[in-house]
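The model shown is predicted, which means the values in this text are computed figures rather than measured ones. A note on names: the letters A, B, ... follow the listed sequences, proteins ahead of strands, and every chain is numbered from 1.
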2 protein chains.
Amino acid sequence: MQHSSKMNTSDQLMLTAIDLMSEKGYNGVSTKEIAEKAGFSEKTLFRHFGNKRNILATAFNRFHYGPEMDSIFFDQIKWNLKADLQLISATYQGNMDRNRKLIKISQKMETDEHNELKKLTHDYPRQLKKYLTQYFSEMIRQKKVIQTDPEIQARMFLVMNYGAFMHGLETSLPEKDFISESVQLFTRGLSP
Amino acid sequence: MQHSSKMNTSDQLMLTAIDLMSEKGYNGVSTKEIAEKAGFSEKTLFRHFGNKRNILATAFNRFHYGPEMDSIFFDQIKWNLKADLQLISATYQGNMDRNRKLIKISQKMETDEHNELKKLTHDYPRQLKKYLTQYFSEMIRQKKVIQTDPEIQARMFLVMNYGAFMHGLETSLPEKDFISESVQLFTRGLSP
DNA sequence: AATGATAGTCAGTACTTACTGTCATAATGA
DNA sequence: TCATTATGACAGTAAGTACTGACTATCATT
């Protein structure tokens, strides 16, 4: 028995499942492998979770990080393009990084799979896009940004951040200077 | 027997495998399912390919589209930032779109999996980045682009195009106006 | 000591999967 | 017509997988 005294059985099983599934996908990992790697018997795994599916669902609910954009758009925006985009980008990347393993699992799932993991790659970004569109709209009104379609700019900003994150995920290399340089580009490209 | 008279057995099997694997991942599709969906017996599938792995390897060799960037960077560049970026972006997106199913399969594979599919997501982009870095370097020399790190700008351009492609892949929605708008942004952001 | 909670071992069930061998049939081309 | 090629059906092998039941052992608490 090699159990850590700081973490309970369920957590250990779930974290191990997340690790393994993010590498091999849901179908590529057996309940036996999860249990062994976590240091428990397969029987114990089933006692705690009932079935394989429930390991992932419970792990998601337990360990994912929700979006942190509400407080930003309501409390921290300074209406300075550069500073704001810096903050938004840093927050987005930080949040995505914290969820990176769950995102990887989601990616490797069946395309038509309907599960909560999709929140990370669909619902949250959609919400962020809405906020960002409103932000650009107001910046245009204040004439701090050139006259342009706010929704398109929001999409561009998100797509660039998303691409940087995904690229980093696949190469396991951090995107050095990405945030400051991308914000520079957007600031130069959008300032009147 | 419902065989199309225009396509041979191997091709039908391989294209079916690509379709199914791009939806469900390699591990999520059985040889039985591939054969049935293609309208052949499982026995026939094994006659043609020997084992499951070889279906995918052969399909990749048969159906993937290689990078088309050589001719662009050697023959079609006009040394006009907007026109060039438009061409590069359109070519990149077109190429990625043609490979979209194989890219999806690659994504769903084990992270440490070493296979030819990685060419699409690693080797080709790396090559493109090299060309693009050289392009920006020369544009800087000609003073058609502001003084900046050419490699970083190349990375940014790629990351944005990559993000747009991946986002379109996941949402099954084309990124409307992406190319023209992103090229606008880069042109405004990089022009002296 | 008795009890409850938790975990492990073992054997098993039912099903799935990749793959194989054998035989029969149909289609095609010379 | 005949030989060759390609395919299907069927039965099977060996291994893997998710999951279950029964039983045992250990530890903490009362």
Side-chain angles (χ1 to χ4, degrees), chain A residues 1-60 62 105 108-110 112-113 115 117, chain B residues 1-60 62 105 108-110 112-117:
Chain A
M1 306 317 110
Q2 51 253 55
H3 312 314
S4 163
S5 51
K6 299 182 203 149
M7 220 189 307
N8 67 44
T9 306
S10 286
D11 282 358
Q12 282 186 72
L13 285 165
M14 288 192 282
L15 288 173
T16 303
I18 288 176
D19 279 348
L20 290 172
M21 287 176 183
S22 73
E23 299 283 334
K24 303 183 178 184
Y26 179 83
N27 287 329
V29 180
S30 67
T31 50
K32 181 179 169 182
E33 187 179 5
I34 295 169
E36 280 176 358
K37 286 280 169 62
F40 296 98
S41 70
E42 197 181 13
K43 181 71 188 179
T44 296
L45 182 150
F46 280 103
R47 280 203 196 92
H48 282 255
F49 298 102
N51 60 59
K52 186 181 180 185
R53 200 84 215 185
N54 199 39
I55 307 174
L56 182 56
T58 310
F60 174 77
R62 175 82 173 71
I105 296 174
K108 293 181 198 286
M109 290 207 138
E110 288 199 24
D112 292 336
E113 177 84 47
N115 65 76
L117 289 170
Chain B
M1 304 322 108
Q2 53 251 56
H3 311 312
S4 162
S5 49
K6 297 182 206 154
M7 220 189 309
N8 66 45
T9 304
S10 286
D11 283 357
Q12 283 185 73
L13 284 166
M14 288 191 283
L15 289 173
T16 302
I18 289 176
D19 279 348
L20 289 172
M21 287 177 183
S22 73
E23 299 283 334
K24 303 183 176 185
Y26 180 83
N27 287 329
V29 180
S30 68
T31 51
K32 181 178 168 185
E33 188 180 3
I34 295 169
E36 280 176 358
K37 287 281 167 63
F40 297 98
S41 71
E42 197 183 12
K43 183 68 188 180
T44 297
L45 181 152
F46 279 102
R47 281 204 194 90
H48 282 256
F49 298 103
N51 60 57
K52 187 180 179 184
R53 201 81 213 186
N54 199 37
I55 307 174
L56 181 56
T58 311
F60 173 77
R62 174 83 172 72
I105 297 174
K108 292 181 199 287
M109 290 205 138
E110 288 198 25
D112 292 336
E113 177 85 47
H114 295 297
N115 64 77
E116 300 206 72
L117 290 170

Got a second to check how far [X]'s [atom1] is from [Y]'s [atom2], nearest 0.5 Å?
X: A/E110; Y: B/K108; atom1: CD; atom2: NZ; result: 8.0 Å
X: B/K24; Y: A/D112; atom1: NZ; atom2: CG; result: 9.5 Å
X: B/E23; Y: B/I18; atom1: CD; atom2: CD1; result: 13.0 Å
X: B/L117; Y: B/M21; atom1: CG; atom2: CE; result: 10.0 Å
X: A/I55; Y: A/I34; atom1: CD1; atom2: CD1; result: 4.5 Å

Problem set entry | Inter- and intrachain pairs under salt bridge (Lys or Arg N to Asp or Glu O under 4.0 Å), touching residues 8-19 of chain A, at least two apart |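 Of all non-adjacent pairs touching residues 8-19 of chain A, those that pass salt bridge (Lys or Arg N to Asp or Glu O under 4.0 Å) are A/D11-A/R62, A/D19-A/K101.
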For this session: Please collect all salt bridge (Lys or Arg N to Asp or Glu O under 4.0 Å) contacts where either partner lies in residues 43-55 of chain B, sequence neighbours excluded, each pair once.
Result: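 For residues 43-55 of chain B: B/R53-B/E113.
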I'd like a table of atom pairs between the protein and nucleotides 27-30 of chain C - only N or O on both sides, under 3.5 Å - with the distance next to each one.
none

Nearest whole angstrom, please: distance from the [atom2] of [N] to the [atom1] of [X].
X: B/L45; N: C/dC19; atom1: CG; atom2: P; value: 9 Å
X: B/K32; N: C/dT20; atom1: NZ; atom2: C1'; value: 16 Å
X: B/E33; N: C/dC19; atom1: CD; atom2: P; value: 16 Å
X: B/L13; N: D/dG8; atom1: CG; atom2: C1'; value: 13 Å
X: B/N27; N: C/dT16; atom1: CG; atom2: P; value: 17 Å
X: A/F49; N: D/dT17; atom1: CZ; atom2: P; value: 20 Å
X: B/M21; N: C/dA18; atom1: CE; atom2: C1'; value: 12 Å
X: A/Q12; N: C/dA7; atom1: CD; atom2: C1'; value: 13 Å

For this session: Just jot down the side chain to side chain contact (heavy atoms under 4.5 Å, CB included) partners of A/S10, sequence neighbours excluded, or say none.
Result: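 Counting only residues at least two positions away or on another chain, A/S10 forms a side chain to side chain contact (heavy atoms under 4.5 Å, CB included) with A/N8, A/M14, A/H48, A/F49.
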Problem set entry | Contacts of type side chain to side chain contact (heavy atoms under 4.5 Å, CB included), residue B/E42, not counting sequence neighbours |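 In terms of side chain to side chain contact (heavy atoms under 4.5 Å, CB included), with neighbours along the sequence ignored, B/E42 is linked to B/T31, B/K32, B/A35, B/F46.
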Every protein N/O within reach of nucleotides 19-23 of chain D N/O, cut-off under 3.5 Å:
{"residue": "D/dC19", "atom": "OP2", "partner": "A/K52", "partner atom": "N", "Å": "2.5"}
{"residue": "D/dG21", "atom": "N7", "partner": "A/K43", "partner atom": "NZ", "Å": "2.7"}

Exercise. For A/T9 and C/dT6, is the shortest distance between a side-chain N/O and OP1 or OP2 below 4.0 Å?
Worked result: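 The answer is no; no side-chain N or O of A/T9 sits under 4.0 Å from OP1 or OP2.
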Exercise. Can a side chain N or O of A/H48 be found less than 4.0 Å away from OP1 or OP2 on C/dT6?
Worked result: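 For C/dT6, OP1/OP2 do not have a side-chain N/O of A/H48 under 4.0 Å.
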For this session: Under 4.0 Å between any heavy atoms, over every strand shown, what does A/S41 touch: base, sugar-phosphate, or nothing? Just pick one.
Result: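 A/S41: base contact, heavy atoms under 4.0 Å.
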